[in-house]
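Right, one structure below, let's go through it.
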Amino acid sequence: MTTGGFSLGQPTPSVKATTIIAIAFEGGVVIGSDSRVSAGASVVNRVMNKLSPLHDKIYCALSGSAADAQTMAEIVNYQLDVHSIEVGEDPLVRSAATLVKNISYKYKEELSAHLIVAGWDRRAGGQVYVTLDGLLARQPFAIGGSGSSYIYGFVDAEYRQGMTKKDCQEFVVNALALAMNRDGSSGGVAYFVTIDKDGTDEKCILGNKLPTFFDE
Amino acid sequence: EIPQHSLPVIPDSTTSLALSGSYVSNKMINKLIQVHDKIFCCIAGSLADAQAVTKMAKFQLSFHSIQMEAPPLVKAAASVLKELCYNNREELQAGFITAGWDRKRGPQVYTVSMGGMLISQPFTIGGSGSTFIYGYADAKFKPDMSREECLQFTTNALTLAIGRDNVSGGVVHMVVITEDGVEHVVVPGDKLPKFHDE
């Protein structure tokens, strides 16, 4: 019996080449991502939506290994469904983030994925949590993925407290456009989801409709 | 971390941390080297290599300007650096931003990268901290800014980069080069603008 050729050198699809961002405002959150999935030098999917629902009003943004991130999101989706039935009401965003963190931390040697969890619940309004490497921290906004390096300066400069929903949407789209412009590994279209007490609103902005900035 | 802008005025700027491995050996170093009266170079990479190259370039340029009986063009200065970087690319580990003013073309900015590429740009950023401010620089740069706007843009960009890059810091040096002369502006760390900090 011959074993199949298992080549360790095969590039696996990853969304590490990514830009993800989430920001909280009074009454909700806006979470956004680019749409490129690359395997080595190839783009294997140019329109992937990296914003995955964990529950009605809780989303997560995927980055890192595509398989790991998707699987984590599915598992947490299931766990949250069970949890919300047990408590009889919608789960807290913090609960969702804790479930993600538990998987991230327990399997930190095997997994290579970073999920940003964002959503709205009745108790604490809009919240954004980061779960990188198995930590759990709440932040006013968060960025992740390879493209995020290029926009640290921009988000530090532009973020102010007390931004409105519209300000936040512009912030997310501008940040994504800048990162997609500079990061060879981010691109495609920009997806963003606005979550508040009235529901979730998913939007997609095509590449040619993204804001443009000074280009040398 | 070195942003630069070219317009009627050219603020030239850098932070001042120097490292040996992960040890900070100097917090006050000036990474802006004057290679001629109105031409400055920002250095990045190995400080030793950068100093050696700029010293050589300074000599060649002063000789060149005597022969031509006129101050050298900014492009000439950048070209001299590029020749040195390209011909010794295997051994050297230094990159430069050359900026200055000359009579023929006014204010100009050139990037000489580590391998020896030379390109002219309206503005440019470089160094380890520059990755964090590409987005900010793209969003905020506008052509034809005034001197004050340029200085503000540069100071803001550097402050943001220092805030995120663990090997940038210390003092911000800026040089404004115009037809009328050269002016040094130094901003110590505690006088830098404050942004939102999570």
Side-chain angles (χ1 to χ4, degrees), chain A residues 19-25 32 34 116 127-130 132 135 137-163 167-168 170-186 190 210-216, chain B residues 1-7 13 15 97 108-111 113 117 119-145 149-150 152-168 172 192-198:
Chain A
T19 310
I20 52 177
I21 174 171
I23 175 169
F25 58 92
D34 74 312
I116 295 179
Q127 302 144 71
V128 171
Y129 291 89
V130 287
L132 182 63
L135 67 71
R138 181 177 174 188
Q139 294 179 190
F141 69 90
I143 56 179
S146 62
S148 68
S149 315
Y150 302 101
I151 48 173
Y152 271 104
F154 177 78
V155 299
D156 280 343
E158 290 296 293
Y159 177 78
R160 314 169 295 285
Q161 289 206 322
M163 285 168 56
D167 288 339
C168 286
E170 269 176 33
F171 179 86
V172 164
V173 170
N174 284 338
L176 284 172
L178 286 164
M180 283 157 69
N181 202 17
R182 283 289 181 177
D183 181 23
S185 317
S186 295
L210 286 170
T212 52
F213 299 90
F214 172 80
D215 251 320
E216 304 154 18
Chain B
E1 192 302 309
I2 314 163
Q4 262 219 0
H5 325 277
S6 139
L7 293 143
S13 35
T15 62
I97 295 178
Q108 298 143 73
V109 171
Y110 294 89
T111 304
S113 72
M117 168 187 81
I119 54 173
S120 162
Q121 295 177 288
F123 81 98
T124 186
I125 56 180
S128 61
S130 68
T131 53
F132 303 106
I133 50 170
Y134 272 105
Y136 179 79
D138 282 345
K140 295 292 169 178
F141 179 76
K142 311 181 298 287
D144 298 322
M145 290 194 276
E149 287 175 316
C150 261
Q152 190 63 50
F153 174 70
T154 311
T155 314
N156 286 347
L158 279 170
T159 307
L160 291 165
I162 291 173
R164 288 289 183 178
D165 184 24
N166 61 339
V167 295
S168 289
V172 167
L192 293 173
K194 300 230 183 303
F195 292 94
H196 139 85
D197 256 318
E198 304 164 21

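Convention: sequence-line order gives letters A, B, ...; per-chain numbering from 1. Since the structure is predicted, the reported quantities are computational estimates derived from the model, not experimental observations.
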> chain B heavy atoms under 4.5 Å from A:Glu158: which part of the residue, side chain, backbone, both or neither?
Replying inline: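 Answer is side chain: those atoms of A:Glu158 sit under 4.5 Å from chain B.
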>> Using heavy-atom distances under 4.5 Å, tell me whether A:Ala179 contacts chain B through its side chain, its backbone, both, or neither.
In response: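 It is neither, since no heavy atom gets under 4.5 Å.
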>> Going by the rule side-chain hydrogen bond (donor to acceptor under 3.5 Å, both in side chains), which residues pair with A:Tyr150 if we only count those two or more places apart in sequence or in a different chain?
In response: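 None.
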> Under the salt bridge (charged side-chain N to carboxylate O under 4.0 Å, His left out) test, which residues partner A:Glu170, sequence neighbours left out?
Replying inline: A:Lys166
> Would B:Ser120 and B:Gln108 satisfy side chain to side chain donor-acceptor pair (under 3.5 Å), going step by step from the backbone distance to the final call?
Replying inline: CA-CA 8 Å; B:Ser120 162; B:Gln108 298 143 73; over 6 Å; no
>> Would you say the ring centers of A:Phe154 and B:Tyr136 fall short of 6.0 Å from each other?
In response: no
> What residue, out of B:Asn156, B:Thr131, B:Thr159, has the most heavy-atom pairs lying under 4.5 Å from chain A?
Replying inline: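 Most heavy-atom pairs under 4.5 Å with chain A: B:Thr131.
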